[in-house]
Participant: 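Mind having a look at this structure? Questions to follow.
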Amino acid sequence: MTDDHFMSIALRLAEKNLGNVAPNPAVGCVIVKDGTIVSEGYTGIGGRPHAEVVALQNAKDSTHGATIYITLEPCCHHGVTGPCTAKIIKASIKRVVIATIDPDSRVSGRGMKALKEAGIEVEQGIMQKEAKELNVVFFTTKELHRPFIACKVATTLDGKIATFTGDSKWITSENTRNWVHELRTKYDAIMIGSNTLINDDPLLTCRLPGLGSRSPIRLIIDSQGRLKEEHNIAKTADKVITWVITNKEVEKKIKNINYLVVNSSNAGKVCLKDMALKLVSEIGITRLLVEGGGVLITELLKCNLIDRLIICRSGKILGNDATPFVGDLGIQFINNCYQFKKTKIIEFSEDIVEVWDRSS
């Protein structure tokens with residue numbers, strides 16, 4: 001078996017708790033001895049235990065002279081737990097194969113250096129592209145100090161999200177909507193604006209059998225106090241962690257609702273850039289799924305805060321008087337447009353899902 005084969009297994013393992021390990025990266029690990037896998041591990045829910053720790057514990061006495069495959073450079077600093085590099089060295093691992101370097105400034109090459117200084121053979125770069133794509137969220141957070149932000153939009157063939165009366169249920173099919181519920185489990189938090197709150201009164205939970213406990217944290221941008229106790233989100237806030245993002249001090253707070261106060265924009269609204277920074281520093285959110293309407297998506301675009309667009313497109317057509325998913329951007333020249341590249345297509349019987357990532 002080749003290094004690529006074992007690393008691909010480690011990458012699949014890393015996906016198991018994707019969206020439930022924040023603020024840590026999702027890492028997979030495989031230990032191989034004499035061409036046979038003797039142990040596997042992946043990052044636990046909440047970010048611990050680390051994948052390497054799990055794999056080493058599962059391997060028991062089979063690590064001497066073995067090769068360990070890790071999707072991300074092992075940590076070498078003392079945090080809540082000791083460094084993984086020390087555990088790898090203690091286990092008498094002979095060779096370490098790493099997909100990509102950790103962008104965390106506390107690691108970033110130091111983990112590999114510690115292993116090499118201990119006399120361990122280290123190889124880096126095996127399936128590096130795939131590993132970076134898997135943890136694009138972690139890289140975004142470390143490099144930009146904000147969450148990776150994906151916007152999911154259900155649109156018609158002509159890019160509309162509702163009729164001129166505001167009716168939007170349902171633009172896409174049940175199969176596509178079920179796929180979106182599963183998608184929610186892969187994100188730390190889900191966000192809407194107050195317009196979507198009033199128009200749709202959503203739950204924003206994962207309602208697929210067996211996945212209810214995987215519902216993400218709910219965030220509502222609401223600077224005008226529009227969330228009321230009778231809304232579905234407020235009525236279920238005792239079961240799902242919920243935050244209101246506002247730029248004003250809230251005098252009358254709703255039971256079980258958390259409040260995050262951020263700076264105001266020049267227009268006197270919530271400053272989305274300040275919000276993005278505080279979602280990481282104060283709540284620990286690294287993967288954010290936005291399911292808001294055209295107003296919120298437009299403002300996020302203007303702030304260059306959209307990393308991914310997930311377009312769930314049906315075959316319906318509503319016409320020019322319907323509501324578009326993006327509002328006015330004031331772009332005069334094509335060269336000044338916002339550019340995304342298509343990275344994935346998923347086809348359902350009635351709809352198609354297109355994933356578009358922001359062009360660098």
Side-chain angles (χ1 to χ4, degrees), residues 1-128 130-132 134-135 137-139 141-142 284 286:
M1 296 292 184
T2 65
D3 287 342
D4 281 16
H5 171 77
F6 293 119
M7 188 61 76
S8 67
I9 294 173
L11 286 166
R12 288 198 296 271
L13 288 168
E15 291 185 37
K16 287 184 176 291
N17 280 334
L18 196 63
N20 289 273
V21 299
N24 287 350
V27 179
C29 181
V30 173
I31 298 177
V32 177
K33 189 170 183 179
D34 299 326
T36 301
I37 295 176
V38 296
S39 182
E40 299 176 280
Y42 51 91
T43 310
I45 292 177
R48 293 184 180 82
H50 289 186
E52 302 94 316
V53 173
V54 175
L56 288 169
Q57 288 176 344
N58 291 340
K60 298 180 180 178
D61 300 325
S62 302
T63 59
H64 183 82
T67 296
I68 187 169
Y69 294 83
I70 316 170
T71 58
L72 188 73
E73 179 183 13
C75 64
C76 55
H77 59 282
H78 287 270
V80 175
T81 58
C84 288
T85 50
K87 293 179 174 63
I88 291 171
I89 294 167
K90 185 178 180 180
S92 300
I93 293 289
K94 179 182 179 181
R95 179 171 175 252
V96 177
V97 181
I98 299 166
T100 186
I101 294 174
D102 191 331
D104 191 322
S105 59
R106 297 170 298 177
V107 187
S108 195
R110 294 182 178 88
M112 292 196 302
K113 181 181 178 183
L115 295 172
K116 290 177 180 178
E117 289 178 347
I120 296 174
E121 179 186 347
V122 178
E123 185 170 351
Q124 185 270 320
I126 302 297
M127 302 192 74
Q128 178 172 273
E130 292 83 352
K132 284 188 173 182
L134 176 72
N135 269 311
V137 170
F138 183 67
F139 280 82
T141 302
K142 290 301 177 184
T286 61

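Since this is a predicted model, take the numbers as computed values, not measurements. Count residues from 1 along the sequence.
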Participant: Roughly how far, to the nearest 0.5 Å, is the CD1 atom of I88 from the OG atom of S92?
Facilitator: 12.0 Å
Participant: Any side-chain heavy atom of E40 sitting closer than 4.5 Å to one from C29?
Facilitator: no
Participant: Within the supplied structure, the quantity of interest is the number of heavy atoms (other residues, nucleotides, ligands) at a distance under 6.0 Å from H64 NE2; does it exceed 12?
Facilitator: no
Participant: Could you report the tightest heavy-atom contact between C76 and R110, atom names first, then the distance?
Facilitator: SG-CB, 3.5 Å
Participant: Is H50 close to N24 at the side-chain level, that is, under 4.5 Å between some pair of heavy atoms?
Facilitator: yes
Participant: Report the C-alpha distance between V38 and V32 in whole Å, list the side-chain angles of each, state the deciding distance to 0.1 Å, and finish with yes or no for side chain to side chain contact (heavy atoms under 4.5 Å, CB included).
Facilitator: CA-CA 6 Å; V38 296; V32 177; over 6 Å; no
Participant: Go through the steps to decide whether V21 and I45 satisfy the test side chain to side chain contact (heavy atoms under 4.5 Å, CB included), and finish with yes or no.
Facilitator: CA-CA 5 Å; V21 299; I45 292 177; 6.0 Å; no
Participant: Given I68 and V97, is the side chain to side chain contact (heavy atoms under 4.5 Å, CB included) satisfied, shown in steps?
Facilitator: CA-CA 6 Å; I68 187 169; V97 181; over 6 Å; no
Participant: Is there a side-chain contact between V30 and L13, using heavy atoms and a 4.5 Å cut-off?
Facilitator: yes
Participant: With the side chain counted from C-beta on, respond yes when T141 and P23 share a heavy-atom pair under 4.5 Å apart, and no when they do not.
Facilitator: no
Participant: For residues A131 and T100, report the shortest heavy-atom separation together with the two atoms involved.
Facilitator: CB-CG2, 3.9 Å
Participant: Verify side chain to side chain contact (heavy atoms under 4.5 Å, CB included) between N17 and Y42, making sure each step is shown before the conclusion.
Facilitator: CA-CA 8 Å; N17 280 334; Y42 51 91; 3.5 Å; yes
Participant: With no hydrogens and no angle check, is any side-chain donor or acceptor of D104 less than 3.5 Å from a backbone partner on R106?
Facilitator: yes
Participant: Taking the side chain as every heavy atom from C-beta outward, state whether L72 and I98 have any atom pair closer than 4.5 Å.
Facilitator: no
Participant: Quick one: CD on E73 to NZ on K113, what's the gap to the nearest 0.5 Å?
Facilitator: 12.0 Å
Participant: Is a donor on one side and an acceptor on the other found under 3.5 Å between the side chain of N135 and the backbone of A26?
Facilitator: yes
Participant: Tell me the closest heavy-atom pair linking A10 and Y69, and the distance in Å.
Facilitator: CB-O, 4.2 Å
Participant: When rounded to the nearest 0.5 angstrom, what distance separates OG1 in T63 from CD in Q57?
Facilitator: 12.0 Å
Participant: Please determine whether a side-chain nitrogen of the Lys or Arg among E123 and R95 lies less than 4.0 Å from a carboxylate oxygen of the Asp or Glu.
Facilitator: yes
Participant: Would you mind reporting whether V96 and T67 have side-chain heavy atoms less than 4.5 Å apart?
Facilitator: no
Participant: Roughly how far, to the nearest 0.5 Å, is OG1 of T85 from CD of E117?
Facilitator: 10.5 Å
Participant: For M7 and I70, which heavy atoms make the closest approach, and how far apart are they?
Facilitator: CE-O, 3.5 Å
Participant: Heavy atoms only: give me the nearest T43-R48 pair and the separation to one decimal.
Facilitator: CG2-N, 4.4 Å
Participant: Nearest 0.5 Å please: distance from the CZ atom of F6 over to the CE atom of M127.
Facilitator: 13.0 Å
Participant: Working to the nearest 0.5 angstrom, can you tell me the gap between I101 CD1 and S108 OG?
Facilitator: 6.5 Å
Participant: More than 12 heavy atoms of other residues, nucleotides or ligands under 6.0 Å from CZ of F138: yes or no?
Facilitator: yes
Participant: For a quick test of reading the model, state the closest non-hydrogen atom pair linking C84 to V53 and the distance between them.
Facilitator: SG-CG2, 4.1 Å
Participant: Tell me, do M112 and Q124 make a side-chain contact under 4.5 Å, heavy atoms counted?
Facilitator: yes
Participant: Give a yes or no on this: more than 12 heavy atoms of other residues, nucleotides or ligands lie within 6.0 Å of atom NZ of K16.
Facilitator: no
